[in-house]
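Chain letters run A, B, ... following the sequence lines, proteins first, then strands; residues in each count from 1.
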Amino acid sequence: MTQSGQYNFAYLDEQTKRMIRRALLKGLAIPGYQVPFASREMPMPYGWGTGGVQVTAACLVPEDCLKVIDQGADDTTNAVSIRKFFQRTAGVDVTEQTTASTVIQTRHRIPETPLREGQILVYQVPIPEPLRFIEPRETETRKMHALAEYGLMHVKLYEDIARHGAISTAYAYPVSVEGRYVMDPSPIPKFDNPKMEMAGIQLFGAGREQRIYALPPYTRVVSLDFEDYPFDPMRAEHPCDMCGAEDTYLDEVIIDDAGGRMFVCSDTDHCTARRAAGHRGRLAATEDAA
Amino acid sequence: MYVAVKGGEAAIDNAHAWLASERRGDTDVAELSIAQIREQLSLAVNRVMAEGSLYDPDLAALAIKQARGDLIEAIFLIRAYRTTLPRFGLSNAIETADMACDRRISATFKDLPGGQVLGPTFDYTHRLLDFALAAEGGERPEVATRPADPAPMPHVTGFLNRDDLIEQEPVGDDTPSDLTREPLEFPATRALRLQSLSRGDEGFVLSMAYSTQRGYGRNHPFVGELRVGTVAVEMDIPELGFAVEIGEVQVTECETVNQFAGSKTEKPKFTRGYGLCFGHTERKAISMALVDRALRWKELGEDNVGAPAQDEEFVLSHSDNIQASGFLEHIKLPHYVDFQSELELVRKLRAEVERSQTAPTQEAAE
């Protein structure tokens, strides 16, 4: 029981957490394979990260330090809401610093600061099935995975090139895991795909679709491409206007109604840390003066 | 200048306070009590119990109050609460043949043992706004009563069964699986399908059923029987060694008599569809029976005509309004990171088109 006294530690009862941990272990044993699990109805809506929340709940121990980000930022409304949920139900420490955290729940981004061994990154996943938009039936896609029958996916990528001159997937860009399962990396921008080969543990929770999957540390994760059309982790061709970083994923912010815009790191913790270390971008001076 | 979306926390707190204030509305108007909702909006309460999969009229009424009358939101509150409840055990199957019926009608027979009991139904009301209701202080109308008839009210399908004119339902003691405890996988058993339909969105199940009537997988349904009433819930208590009644629930049950099937070796007989929901929810129960019947095409050896209502994966994956509304509404959450990646991609593709359009003219000029 926590301070609130009404619910078990991290909300879910121990049996449910055990069931989720089993699914997580199975997922880690078969990287990229989607493990069905008996997702519970959480007190936040499906689509708001119920899968990620259940995975985080099953991972948390009282000593953990939790970071929650949405779009790379700790202060977006849903990140605030989920962080508050675990503060209330688990009473764990929370942080905005990637380096200080032990568990990070994320929606749509991988932090810019590389994760170290022992850290866990939990993704919120809307549609876990990378083949879903090619084949809507679960009964079919499960067969396709079982037989490693991924030809249709390559045809789709090829058709993109034939039609647009490039693979027209910008986020949720499919990856191949250890040369076996094709996996949906969740809707992260494809810029983040190369970061998925990391020291941390990556866990993916899809609540509504009742699926869990996972990547153990240092798993080989290859973004699908063709030899003559290699994978291109795209970003806006600008430095960050706040911290000057030239290697981060940027948000484009419209600042007036005359076409004025600025580019700023989507990872707010990374940007703040760089500015604290003295880095300055094009517009940082005016911001400091303000 | 750049304004980060700081202050999310304060915004959320303020939004919640405003929401609570809007829920209360004008304080010159008396506040709704839970009892008022339970007693006077009972069909809303019934829907919330049926789709929330939790039989508790007071909690359902509270959920409706908290949700400002948004029934899907109320169902969501009940579902989220239900998840946290400990499970003491399983009741025995309820016996709907022993139901104390408030309403029981058959469309297939003019009269039958137990009689046709119209009950409190909108069916033959003229839908004229009753302005007298707008005036408050109305008395509860007197209702004609008579002593309860102890005679049993057997199921209509039982009569057909006696002459082997309708398919027999297999009897089993197996505990059906529970889609709130195990992930739903396909193909699903009929019991799981029925559970899914019973808690599925009334509008969705209604539309699916309606589509079968209009020819998308037609199955010629007759309402063999529709009954609404109270049944006892019994549970085996291991320490006692016998079943004890632990409460009563109101349910609506619909059995349809459908399209007959037969072959050279088997005599033709009618088939069935089944609907059962908590509370007085007959539109839902009838719809459920039609969709149940449509989903049974395979076991009855019928053709799959490609109708949506025949497609188990389609129906079961999309019937739940909590899943559907959650996923639908989540697109209002921030997606600016993904949108940014699409922006960059579209700009890149446009630049390439421009390059390829200008290149040949340059060549021609040279």
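Neither the backbone nor the side chain of B:Arg82 comes within less than 4.5 Å of any heavy atom in chain A. For A:Met42, the part sitting under 4.5 Å from any heavy atom of chain B is the backbone (N, CA, C, O) and nothing else. Heavy atoms of B:Asp13 lying under 4.5 Å from chain A belong exclusively to its side chain. With a 4.5 Å cut-off on non-hydrogen atoms, A:Arg261 touches chain B through its side chain but not through its backbone. Proximity to chain B is limited to the side chain of A:Asp232, based on heavy atoms less than 4.5 angstrom apart. When heavy atoms are compared at a cutoff of 4.5 Å, B:Phe186 approaches chain A by way of both its backbone and its side chain. The part of A:Arg107 that comes within reach of chain B is its side chain, from C-beta onward, which places non-hydrogen atoms under 4.5 angstrom from that chain. In this structure, chain A has a heavy atom under 4.5 Å from the side chain of B:Leu349, while its backbone stays farther away. Proximity to chain B is limited to the side chain of A:Tyr249, based on heavy atoms less than 4.5 angstrom apart.
Note: A:Ala236 leads A:Ala236, A:Pro189, A:Ser81 in heavy-atom pairs under 4.5 Å with chain B. Chosen from B:Pro334, B:Pro187, B:Ala80, B:Ala15, the residue pairing most often with chain A at heavy-atom distances under 4.5 Å is B:Pro334. Heavy-atom pairs under 4.5 Å with chain A were tallied for B:Val346, B:Val353, B:Leu345; the largest tally goes to B:Leu345. Of the listed residues B:Val337, B:Leu184, B:Ile331, B:Thr84, the one with more heavy-atom pairs under 4.5 angstrom with chain A than any other is B:Val337. The most heavy-atom pairs under 4.5 Å with chain A, out of B:Glu182, B:His335, B:Glu342, come from B:His335. Across A:Met19, A:Met44, A:Lys190, the residue that shares the most heavy-atom pairs under 4.5 angstrom with chain B is A:Met44. Between chain B and the options A:Val80, A:Ile127, A:Ile254, the largest number of non-hydrogen pairs under 4.5 Å is found for A:Val80.
Salt-bridge annotation for B:Arg193 and B:Glu299: present, with a side-chain N of the basic residue lying under 4.0 Å from a carboxylate O of the acidic one. Under a 4.0 Å N-O distance rule, the pair A:Glu237/B:Arg347 does not qualify as a salt bridge. A salt bridge is defined here as a Lys NZ or Arg NE, NH1 or NH2 lying under 4.0 Å from an Asp or Glu carboxylate O, and A:Glu41 with B:Arg199 meets this definition. Under the 4.0 Å criterion applied to side-chain N and carboxylate O atoms, A:Arg40 and A:Asp13 are not assigned as salt-bridge partners. Using a cut-off of 4.0 Å between Lys/Arg side-chain N and Asp/Glu carboxylate O, B:Glu344 and B:Lys348 are scored as not salt-bridged.
Residues of residues 322-330 of chain B lying within less than 4.5 angstrom of chain A, judged on heavy atoms, are B:Ile322, B:Gln323, B:Gly326, B:Phe327, B:Glu329, B:His330 in numerical order. Scanning residues 50-58 of chain B against chain A with a 4.5 Å heavy-atom cutoff picks out nothing at all. Heavy-atom neighbours of chain B within the stretch residues 164-174 of chain A, taken at a separation under 4.5 angstrom, comprise A:His164, A:Gly165, A:Ala166, A:Ile167, A:Ser168, A:Thr169, A:Ala170, A:Tyr171.
Atom CG of A:Leu12 sits about 8.0 Å away from atom CG of A:Asn8, to the nearest 0.5 Å. Separation of atoms CZ (A:Phe263) and CZ (A:Arg282) is listed at 9.0 Å; rounding is to 0.5 Å. Interatomic distance, CD of A:Glu129 versus CD of A:Glu135, reported as 9.5 Å (0.5 Å rounding).
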**Prompt:** Step by step, would you call A:Thr139 with B:Glu313 a side-chain hydrogen bond (donor to acceptor under 3.5 Å, both in side chains)?
**Reply:** CA-CA 8 Å; A:Thr139 38; B:Glu313 189 168 340; 2.9 Å; yes

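Using a 4.5 Å heavy-atom threshold, the side chains of A:Thr76 and A:Thr268 count as separate. Side-chain contact between B:Leu206 and B:Lys284 is absent, with no heavy-atom pair separated by less than 4.5 Å. The closest side-chain heavy-atom distance from A:Lys26 to A:Ile212 is not below 4.5 Å.
Around atom CZ of A:Arg22, no more than 12 heavy atoms belonging to other residues, nucleotides or ligands sit under 6.0 Å away. More than 12 heavy atoms of other residues, nucleotides or ligands shown are found within 6.0 angstrom of CZ on A:Phe231. Residue A:Arg18 qualifies as open at atom CZ: its count of foreign heavy atoms under 6.0 Å is 12 or below. By the 6.0 Å contact criterion, CZ on B:Arg87 is enclosed, its count of non-hydrogen atoms from other residues, nucleotides or ligands being greater than 12.
Formation of a donor-acceptor pair under 3.5 Å by the A:Arg280 side chain with backbone atoms of A:Arg275 is found in this model.
None of A:His108, A:Arg109, A:Glu112, A:Arg235 except one satisfies the side-chain hydrogen bond (donor to acceptor under 3.5 Å, both in side chains) rule with A:Ser266; the exception is A:Arg109.
In terms of heavy-atom proximity, A:Tyr213 sits nearest to A:Pro128 at CE2-CB, 3.6 Å.
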Quiz: residues 302-309 of chain B side-chain donor-acceptor pairs under 3.5 angstrom, not counting sequence neighbours:
{"residue": "B:Glu302", "atom": "OE1", "partner": "B:Arg293", "partner atom": "NH1", "Å": "3.3"}
{"residue": "B:Glu302", "atom": "OE2", "partner": "B:Arg293", "partner atom": "NH2", "Å": "2.5"}
{"residue": "B:Asn304", "atom": "OD1", "partner": "B:Gly306", "partner atom": "N", "Å": "2.7"}

